[in-house]
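Below you'll find the structure, written out as structure tokens, and then a few comments.
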Amino acid sequence: MQVDLRESWRIGPVEIPSRLVLAPMAGVSVQAFRRQGRRFGAGLVCSEMVSCAGLSYKNEKTLGYLRIAADEHPLAVQIFGSEPGVMAEAARMVEDAGADIVDINFGCPVRKVTKTGAGANCLDDPDRACAIVDAVANAISLPVSVKMRRGLQNGSRTCLDVGPKLVEAGAATLTLHPRSAKQMYTGEADHSLTAELVELVDVPVIASGDIVSRAKAQTVLATTGAEAVMVGRAAQGNPWALSQIMGAEGEPSREEVVAELILFMRETVRELGEQRATGFLKKFYGWYLGRGRFPRPFKQELVQLPTIDEVEQRLLAAAPGARFVLERLEDELPQGDEVLLDLPISIYGGG
Ligand SMILES: Cc1cc2nc3c(=O)[nH]c(=O)nc-3n(C[C@H](O)[C@H](O)[C@H](O)COP(=O)(O)O)c2cc1C
């Protein structure tokens with residue numbers, strides 16, 4: 001059965017224009033990544049997980065995660081934490097910042113997060129998980145979504161027990177990454193659980209895990225009944241994976257790859273500042289230039305260069321035609337203050 005990925009669907013009142021969702025990824029899902037994801041066909045994009053405690057302390061770096069551009073919508077901002085009251089306060093800040101959906105992280109398997117009772121740990125404490133969803137849903141007028149793993153231990157089916165309870169507590173959508181927390185990213189996502197979850201709840205389910213091609217996306221949508229598929233690692237340094245899943249054919253030219261990478265670099269510098277962007281971007285060089293697009297020594301050379309400016313010059317020397325692709329891309333992008341919104345002043349506490 002062919003499923004039309006171009007169909008729109010809804011999370012509460014929010015219309016999602018395609019059945020492809022860009023995954024939240026810590027250390028990856030900056031604004032430039034999300035804007036790019038929307039351009040390449042994602043109907044919904046998501047911030048990386050944001051600490052509710054960091055928001056509550058008005059930590060400047062954490063507040064920076066709430067910067068939303070006008071051309072990202074619809075956009076979910078994901079929060080994590082273990083205290084219902086603090087999560088509710090964080091959700092209000094997310095709503096003020098202009099997000100369309102508040103997503104709650106019940107999937108993070110990293111010990112730094114789970115040891116605080118947050119992330120995937122909440123799956124083992126359904127009462128707390130439901131109290132968080134209930135507090136968040138009652139604090140804001142935006143729809144609330146929840147992203148979770150199958151459970152903590154390998155073979156766990158906890159998501160099937162907790163999922164319906166979360167919906168009862170107010171979740172308007174569930175995203176399931178059907179690996180256990182213990183598995184981290186090993187093995188395979190077992191989407192037979194996604195199909196079971198779809199049967200149990202009357203809200204849309206998003207299937208996350210190992211969606212790497214159009215064929216896989218079609219199969220998972222058709223066999224699970226999920227409303228949408230979420231793509232994570234396959235889109236790292238490779239937004240063309242998104243357009244291919246949506247039906248585009250062919251691979252990008254070297255010029256297109258370099259132009260997208262430079263645009264990404266420029267936007268990231270604007271967002272994070274030169275110093276933070278320099279380290280942040282290094283992993284992206286390998287991601288963009290890998291897949292046989294450029295020889296390995298070239299990637300290694302870029303990582304060694306001390307400034308982003310030098311990386312840009314080196315890239316343009318390797319693919320001079322990229323300059324023209326880049327000009328066209330920058331012309332097509334909406335520009336200006338009305339697009340690149342900054343944080344609402346209220347979030348900084350008025351000054
Ligand atoms: C580097 C990295 C960071 C991630 N960070 C988050 C996160 O902040 N929040 C979250 O819910 N999931 C996070 N995930 C999980 C992804 O959203 C997704 O569920 C998972 O990678 C499986 O999908 P994939 O096979 O398409 O990558 C992260 C995954 C990776 C690889």
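Whatever order the structure lists ligands and atoms in, that order sets their numbers, starting from 1. Below, all heavy atoms of this structure are taken into account, side chains as well, without hydrogens, waters or symmetry copies.
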### Summary
protein heavy-atom neighbour closest to atom 26 (O) of ligand 1 works out as Gly232 N, 2.9 Å
### Query
Thinking salt bridges, do Arg266 and Glu330 make one under a 4.0 Å N-O criterion?
yes
### Message
Taking distance alone, with N or O pairs closer than 3.5 Å, would you say Glu48 contacts ligand 1?
### Response
no
### Query
Taking the non-hydrogen atoms of Gly209, is any one of them nearer than 4.0 angstrom to ligand 1?
yes
### Query
In terms of side-chain geometry, is the basic nitrogen of Glu327 or Arg323 positioned less than 4.0 Å from the acidic oxygen of its partner?
no
### Query
Does Met49, backbone or side chain, put an N or O under 3.5 Å from an N or O of ligand 1?
yes
## Note on the structure
Heavy-atom proximity to atom 12 (N) of ligand 1 ranks first, among Glu188, Lys147, Gln78, for Lys147
### Message
Under 4.0 Å, heavy-atom basis, I'd like to know which part of Asp210 is in contact with ligand 1: side chain, backbone, both or neither.
### Response
both
### Query
Relative to each other, are the rings of Phe264 and Phe284 parallel, tilted or perpendicular (30° and 60° limits)?
tilted
### Query
Hey, does the Lys NZ or Arg CZ of Arg254 hover above the aromatic six-ring of Phe294, less than 6.0 Å from the centre and inside 45° of the axis?
yes
### Message
Applying a strict under-4.5 Å side-chain criterion to I, L, V, M, F, W and Y, I'd like to know whether Met230 and Phe106 cluster together.
### Response
no
### Task
Starting from atom 13 (C) of ligand 1, find the nearest protein heavy-atom neighbour and note its residue, name and distance.
Pro24 O, 3.0 Å
### Query
Which protein non-hydrogen atom lies closest to atom 30 (C) of ligand 1, naming both residue and atom, and how far is it?
Tyr185 OH, 3.6 Å
### Message
When you compare ligand 1 with Ala234, is there at least one nitrogen or oxygen pair between them that comes in under 3.5 angstrom?
### Response
no
### Task
Would you check the N or O atoms of Val231, main chain and side chain alike, for any that come under 3.5 Å of an N or O of ligand 1?
no
### Message
Closer than 4.0 Å to some heavy atom of His177 - which atoms of ligand 1 meet that?
### Response
19 (O), 20 (C), 22 (C)
### Query
Rounded to the nearest 0.5 Å, what separation is found between the CG atom of Asp100 and the NE2 atom of His73?
5.5 Å
### Residues Glu271, Arg35: salt bridge by 4.0 Å N-O rule
no
### Task
Look only at interatomic distance and state if Gln236 has a nitrogen or oxygen under 3.5 Å from any nitrogen or oxygen of ligand 1.
no
### Polar proximity ligand 1 side, Ala26 side, N/O cut 3.5 Å exclusive
yes
### Query
Is it true that Arg270 and Glu267 have a side-chain N and a carboxylate O under 4.0 angstrom from each other?
yes
### Query
Going by the order shown, which atoms of ligand 1 are within less than 4.0 Å of some heavy atom of Asn105?
9 (N), 10 (C), 11 (O)
### Query
Which heavy atom of the protein is the closest neighbour of atom 18 (C) of ligand 1, given with residue, atom name and distance?
Ser208 OG, 3.4 Å
### Query
Going by an N to O cut-off under 4.0 Å, is there a salt bridge joining Asp190 and Arg157?
no
### Task
Give, for atom CD1 of Ile211 and atom NE2 of His177, the distance between the pair rounded to the nearest 0.5 Å.
9.5 Å
### Query
Just heavy atoms, cut-off under 4.0 Å: does Arg233 contact ligand 1 by side chain, backbone, both, or neither?
both
### Min N/O separation Arg179 to ligand 1 under 3.5 Å
no
### Under 3.5 Å side-chain donor-acceptor pair for Ser156 and Gln153
no
### Query
What atoms of ligand 1 come within less than 4.0 Å of a heavy atom belonging to Ala23?
17 (O)
